[in-house]
Amino acid sequence: MNSTPTTPRLRFAPSPTGYLHVGGARTALFNWLYARHYSGTLILRIEDTDLERSTPEMVDGILDGLRWLGIDWDEGPYFQTQRMALYRAAAGALLNSGHAYYCFCTREQLEKQRAQGVAEGRVTRDACRAVNRDEAKKRTEAGEGAAIRFAVPESGSTTFEDAVFGRVEFANSEIEDFVLLRSDGVPTYHLSVVVDDIDMRMTHVVRGADHLSNTPKQMMLYEALGKPMPVFAHLPLILGPDKTRLSKRHGATSVIAYKEEGIVPEAFRNFLALLGWTPPDSSREILHDKELIDLFELSQIQKSNAVFDRSKLDWFNTEYIRATPAALLLPLIEEEWKKAGIIPFQTSREAMEATVDLVKARARNLKDFATLCRAYFTDMFEIDPAARDKFLKDDAVRAMLGDLALRYQSATEFTEASTEQVLRDFAAEKGVKAGGLINGARVMLTGQGVAPSLFAVMTNLGQERTVARLKNTNDRRLSS
RNA sequence: GUCCCCGUCGUCUAGCCCGGCCUAGGACAUCGCCCUUUCACGGCGGUAACACGGGUUCAAAUCCCGUCGGGGACGCCA
């Protein structure tokens, strides 16, 4: 019956009770990578059945996060709150087939049962399972509130072959009679996922390992509903540096926070992909989207949890910034300029790109471009006090820079080679080391102690600005 | 507490399935040196791991058992 090979259908199914966090992003990424690798379909489904905690803002937040990450989907977003009829019908069917029953227990009764179960080291079966069907029907018709629970077999075990973890087995006696439909008619997670995954014809369920122990419950539903099982793949969790689950106290957990910190999306993707997955050639780590997609396989996924290593992310980011042509970087960088209040006086695209190229080897993130580029685009910049103390505290150097400005002013040629020649000749003449003048001049021209090669800076700035800034040596309250 | 999963440098990992080629490889981080015009980059080198204990075997990071450690799940949350 399964003779026709079907293209894979996967889904990312976040619940909008928070922003897209790192773990969710990694799950989304792996689903995306797999779907793209096999030319399958990726579906976005919003699991908003927790009416209290789900908000439309969070839906937007998640969508923004995915878009920033560059993860696109083929169908959806579907919203579970708009599919309630489907879940209720399934619950009804399960009731009719004897796989489920009404539960009239109060919260207190349930707590008591649970406490007893824990004390005895076993799962207690719900007392209402014993309530006879006709009586239960009568009671609900009389208006008594009732949840619908699944009747889990008391013996035997449920086994499955996880694509990551291999064979996993749970004793049915360990599984409680979980709720399918709450007394207010809203489905729980177990019911809605399974019904949707069936209805949306999912072939693969790739999700966090925190769902491993939910899997047998959901398998029981597939079976009771008489539907074929998808492939399950559970992803190891992402941990903080202290090896506990990644949370707010570990710093940024929202994906958007990384955008704000100046991380390049492709670098983030690369980093995330390697958190728990290894390409066949593990020595290659810088992998662009196409390579990631080509190489991605479920079988190469790690079983053990992985610690989120911020310094490695930063390394990826640096690598991507350096390798990306200025033309592609520019739109991202311009946002940072805007935030920093820089209005570039150089309007030519070429000039901007040249500056970005000049400076980008020193950038660790996109935000760095605001400081790094400032002096090239505006005269409104401060001299970094630390740089001043380090390179300009010598009065003699400052005086010489003023004289040097005059040399540049009268220069007929202004190239990297010629400006260097002028400076070195000048230093030789004065009997001082060129290095001291170079460092001092760099601070005058850029305001920074950390900047590119001086003569590249000069030619980028142009003769006029170079001269003007060097002349200012004594005007800038340097000795204060 | 019960059940499930995991356990190689600080971190991500290769090797484990099919024991010997492992004196355990790579990357990030870290330390040192070189380059040098600051800071990066780059080059070279260093420190650093098979959780522990028992087996099995001529031989174990690799197979088996146990212990310990970590994580997850036990909701009318997802």
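Per chain, numbering begins at 1; letters A, B, ... match sequence-line order. These figures come from a predicted structure and were not determined experimentally.
With both ends at atom P, the span from B:rC64 to B:rG71 equals 25 Å, rounded to whole Å. The P atoms of B:rU11 and B:rU23 are separated by 24 Å, rounded to the nearest whole Å. When the C1' atom is used for both B:rA48 and B:rG25, the distance is 14 Å, rounded to whole Å. Here the separation of B:rC52 from B:rA61, taken at their P atoms, is 11 Å to the nearest Å. The gap from the C1' atom of B:rC21 to that of B:rC16 amounts to 15 Å, rounded to the nearest Å. Distance noted for atom C1' between B:rA60 and B:rC22: 11 Å (whole Å). Using C1' as the reference atom, B:rU62 and B:rA49 are 16 Å apart when rounded to the nearest Å. When the C1' atom is used for both B:rU30 and B:rU67, the distance is 34 Å, rounded to whole Å.
A:Asn305 is linked by a side chain to side chain contact (heavy atoms under 4.5 Å, CB included) to A:Pro236, A:Leu237, A:Leu239, counting only residues two or more places apart in sequence or in another chain. In this structure, the side chain to side chain contact (heavy atoms under 4.5 Å, CB included) partners of A:Ala224, at least two apart in sequence or on a different chain, are A:Leu94, A:His99, A:Phe150. Take A:Arg167 and apply the side chain to side chain contact (heavy atoms under 4.5 Å, CB included) test, not counting sequence neighbours, and it matches A:Thr159, A:Glu161. Evaluation of the side chain to side chain contact (heavy atoms under 4.5 Å, CB included) rule for A:Glu223 yields A:Met229 as partners, not counting sequence neighbours.
Of the charged side-chain nitrogens involved, at least one lies within less than 4.0 Å of a carboxylate oxygen, so that A:Arg424 and A:Glu420 count as a salt-bridged pair. Between A:Glu47 and A:Arg45 there is a salt bridge, since a side-chain N of the basic residue sits under 4.0 Å from a carboxylate O of the acidic one. Salt-bridge check for A:Glu291 with A:Arg284: passed, with a basic side-chain N closer than 4.0 Å to an acidic carboxylate O. The pair A:Arg407-A:Asp403 does not count as a salt bridge, with every side-chain nitrogen at least 4.0 angstrom from each carboxylate oxygen. Salt bridge absent: A:Glu176 and A:Arg114 never bring a charged side-chain N and a carboxylate O closer than 4.0 Å.
For B:rC76, the base has a donor-acceptor partner in the side chain of A:Ser183 [N/O atoms by modelled type, under 3.5 angstrom].
Side-chain nitrogen and oxygen atoms of A:Arg149 include at least one within less than 4.0 Å of the OP1 or OP2 phosphate oxygen of B:rC76. Here A:Arg245 reaches the OP1 or OP2 of B:rA73: one of its side-chain N or O atoms lies under 4.0 Å away. For B:rC76, one of the phosphate oxygens OP1 or OP2 lies less than 4.0 angstrom from a side-chain nitrogen or oxygen of A:Arg114. Between A:Arg322 and B:rC41 there is no side-chain N or O to OP1 or OP2 distance below 4.0 Å.
Backbone-only contact: A:Ser15 has heavy atoms under 4.0 Å from sugar-phosphate atoms and none from a base. Nucleic acid contact for A:Arg424: base, since at least one base atom lies under 4.0 Å from a heavy atom of the residue. A:Arg53 comes within 4.0 angstrom of a base, heavy atoms only. If you check every strand for non-hydrogen atoms under 4.0 Å, A:Ala361 touches sugar and phosphate atoms only. Across all strands, A:Thr49 comes closer than 4.0 Å only to sugar-phosphate atoms, never to a base (heavy-atom distances). Within 4.0 Å of A:Asn214, counting heavy atoms only, lies at least one base atom of the nucleic acid. Across all strands shown, A:Glu52 has no heavy atoms under 4.0 Å from either base or sugar-phosphate atoms.
With a 3.5 Å ceiling on both atom-pair distances, B:rG19 lacks any Watson-Crick or G-U wobble partner. Of the nucleotides present, B:rU67 is the one that pairs with B:rA51 by Watson-Crick or G-U wobble criteria, both distances under 3.5 Å. Summarising the base pairing, B:rU62 is matched to no nucleotide, lacking a Watson-Crick or G-U wobble pair whose two defining distances lie under 3.5 Å. Using Watson-Crick or G-U wobble geometry with both donor-acceptor distances under 3.5 Å, B:rA27 finds its partner in B:rU11. Pair assignment for B:rC44 gives B:rG32, based on Watson-Crick or G-U wobble hydrogen-bonding distances that are each under 3.5 Å. Pair assignment for B:rU56 gives none, since no Watson-Crick or G-U wobble pairing has each distance under 3.5 Å. Across the strands present, B:rC3 finds its partner in B:rG72; the criterion is a Watson-Crick or G-U wobble pair with both atom distances under 3.5 angstrom.
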- request: Give the B/S/- string for nucleotides 10-17 of chain B, one per nucleotide from 5' to 3', where a protein heavy atom under 4.0 Å of the base yields B, of only the sugar-phosphate yields S, and otherwise -.
  value: -BSSS---
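The CG-P distance, from A:Leu181 to B:rC76, rounds to 13 Å in whole Å. Going from atom NZ of A:Lys303 over to atom P of B:rU8 covers 13 Å, rounded to whole Å. Computed from coordinates, the A:Phe455 CZ to B:rU38 C1' distance equals 12 Å when rounded to whole Å. B:rC5 atom C1' lies 17 Å from atom CZ of A:Phe232, rounded to whole Å. Rounded to whole angstrom, the span from the CZ atom of A:Arg207 across to the P atom of B:rC5 amounts to 16 Å. Between the NE2 atom of A:His234 and the C1' atom of B:rA73 there is a distance of 11 Å, given to the nearest Å. Distance A:Gln218 CD to B:rC74 P: 12 Å, rounded to the nearest Å. In this structure, the CG atom of A:Leu180 is 15 Å from the P atom of B:rG75, given to the nearest Å.
Candidate nucleotides B:rG72, B:rC6, B:rA78 were compared by shortest atom distance to the side chain of A:Phe165, and B:rC6 ranks first. Distances were taken from every side-chain heavy atom of A:Glu176 (C-beta onward) to each of B:rC4, B:rC74, B:rG71; the shortest belongs to B:rC74. Of the listed nucleotides (B:rC76, B:rA40, B:rG72), B:rG72 has the atom at the smallest distance from the side chain of A:Leu237. The side chain of A:Thr244 lies closest to B:rG71 when the candidates are B:rA78, B:rC76, B:rG71.
The salt bridge (Lys or Arg N to Asp or Glu O under 4.0 Å) pairs that include a residue from residues 11-22 of chain A are A:Arg11-A:Asp197, where partners are two or more places apart or lie in different chains.
A cation-pi geometry, defined here as NZ or CZ lying under 6.0 Å from the six-membered ring centre and within 45° of its normal, does not hold between A:Arg374 and A:Tyr376.
When each of A:Thr318 and A:Trp315 is assigned the nucleotide of RNA chain B bearing its nearest heavy atom, the one mapping closer to the 5' terminus is A:Trp315. Nearest-nucleotide assignment on RNA chain B puts the 5′-proximal partner with A:Asn439, out of A:Asp242 and A:Asn439.
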